[in-house]
Amino acid sequence: RDRLLDRRRGHDALGQLEMGADVLLRFPDLCAVGYVDSPEVRYDFERHGGEEHLFVHTPVGSLHGIGVRTETSPWIPFPTRHPVQTLADLEVLLWIEEHKVWAPHVDFAAFNALVKEVGDDGFVTAPTTCSPFHYLLESAMGVSTFYELLLTHTAEVEQWMNLRHERTK
């Protein structure tokens, strides 16, 4: 066990496993199953004061999200502005989804070796994406924008959700 922890030192999940705070070793970088963004999608990050700005640029438009790190969330920025605010933003998100490229990376031998190393001290899980509904609510739109667009542009929201669902099942 110490050999495993030494080899993966700095990996937060391993620290939690070591402390007994969490029995799951989530998302080892041995498996990345799914789609990746088209090379035509570019991400830029900027910091302004305490804000972290995410810009997503595509041939059909750009998205802009803002997050802040807080004492209760020092590792993951808390969203203060979700990237999708309007129907035009949703159309950019749809373009991104339509142009994703299938690029699985699975090293089953290494994953199984990690499972064996962790042994009875915990569980190793393979990564997956969240559901389309969860992604829109939490990451892309936030609750109020999601429901506003769902009510006013139902077909477009469902089109994105159905495409994402087909690609992630």
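Here, residue 1 is the first one in the sequence, and each next residue gets the next number. When reading the values below, keep in mind they use all heavy atoms of this one structure, side chains included, and skip hydrogens, waters and symmetry mates.
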Check your understanding: To the nearest 0.5 Å, how far apart are NZ in K100 and CG in D37?
Key ->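 Reported to 0.5 Å precision, the distance equals 4.5 Å.
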
Check your understanding: Should V84 and F78 be regarded as members of a common hydrophobic cluster, given that ILVMFWY residues are connected when their side-chain heavy atoms come within less than 4.5 Å of each other, either directly or indirectly?
Key -> no

Check your understanding: Quick one: do V60 and V157 end up in the same hydrophobic cluster if we chain Ile, Leu, Val, Met, Phe, Trp and Tyr together by side-chain heavy atoms under 4.5 Å apart?
Key -> yes

Can you list, pair by pair, the side-chain donor-acceptor contacts under 3.5 Å of residues 132-151, counting residues two or more places apart and other chains?
from, atom 1, to, atom 2, distance (Å)
H134, NE2, E138, OE1, 3.2

Study note, to complete from the structure: Closest non-hydrogen atoms of P77 and E52, given as atom of the first, atom of the second and distance, are CG-OE1, 3.3 Å

Practice item. Supply the atom-to-atom distance D89 CG to H82 NE2, rounded to the nearest 0.5 angstrom. Key: 12.5 Å

Review point. Measuring from Q159:CD to E91:CD, what's the distance to the nearest 0.5 Å?
Key: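 Here the interatomic distance stands at 9.0 Å.
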
Review point. Could you give the distance from OG (S38) to CD (E98), rounded to the nearest 0.5 Å?
Key: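 Rounded to the nearest 0.5 Å, the OG-CD separation comes to 11.5 Å.
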
Review point. In Å, rounded to the nearest 0.5 Å, how long is the span from CD of E156 to CG of L90?
Key: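 Going from the CD atom of E156 to the CG atom of L90 covers 7.0 Å.
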
**Study point:** Within one Ile-Leu-Val-Met-Phe-Trp-Tyr cluster: W95 and Y43, side-chain cutoff 4.5 Å
**Key:**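 Both belong to a single hydrophobic cluster.
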
Check your understanding: Should I76 and I66 be counted in the same cluster of Ile, Leu, Val, Met, Phe, Trp and Tyr side chains packed under 4.5 Å apart?
Key ->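 Unlinked, I76 and I66 end up in two clusters.
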
Practice item. Could you pull out the closest heavy-atom pair between Q85 and R81, with the gap in Å? Key: CG-NH2, 3.6 Å

Review point. Where do I96 and V41 come nearest, in terms of heavy atoms and distance?
Key: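 Scanning both residues, the minimum pair turns out to be CG1-CG2, 4.2 Å.
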
Check your understanding: In terms of heavy-atom contacts, does CZ of F55 have more than 12 from other residues, nucleotides or ligands at under 6.0 Å?
Key -> yes

Review point. Closest heavy-atom contact between W160 and L94?
Key: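 Closest heavy-atom pair between W160 and L94: CD1-CA, 3.6 Å.
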
Practice item. Examine F45 and V92 and state if one hydrophobic cluster contains both, with Ile, Leu, Val, Met, Phe, Trp and Tyr joined whenever side-chain heavy atoms are less than 4.5 Å apart. Key: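 Cluster IDs for F45 and V92 match.
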
**Study point:** Test item: D44 and H57 side chains (from C-beta on) under 4.5 Å apart, heavy atoms
**Key:**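 Sidechains of H57 and D44: in contact.
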
Exercise for review: Considering non-hydrogen atoms only, spot the tightest contact between E97 and R167 and give its length.
Suggested key: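 For E97 and R167, the tightest heavy-atom pair comes out as O-NH1, 2.9 Å.
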
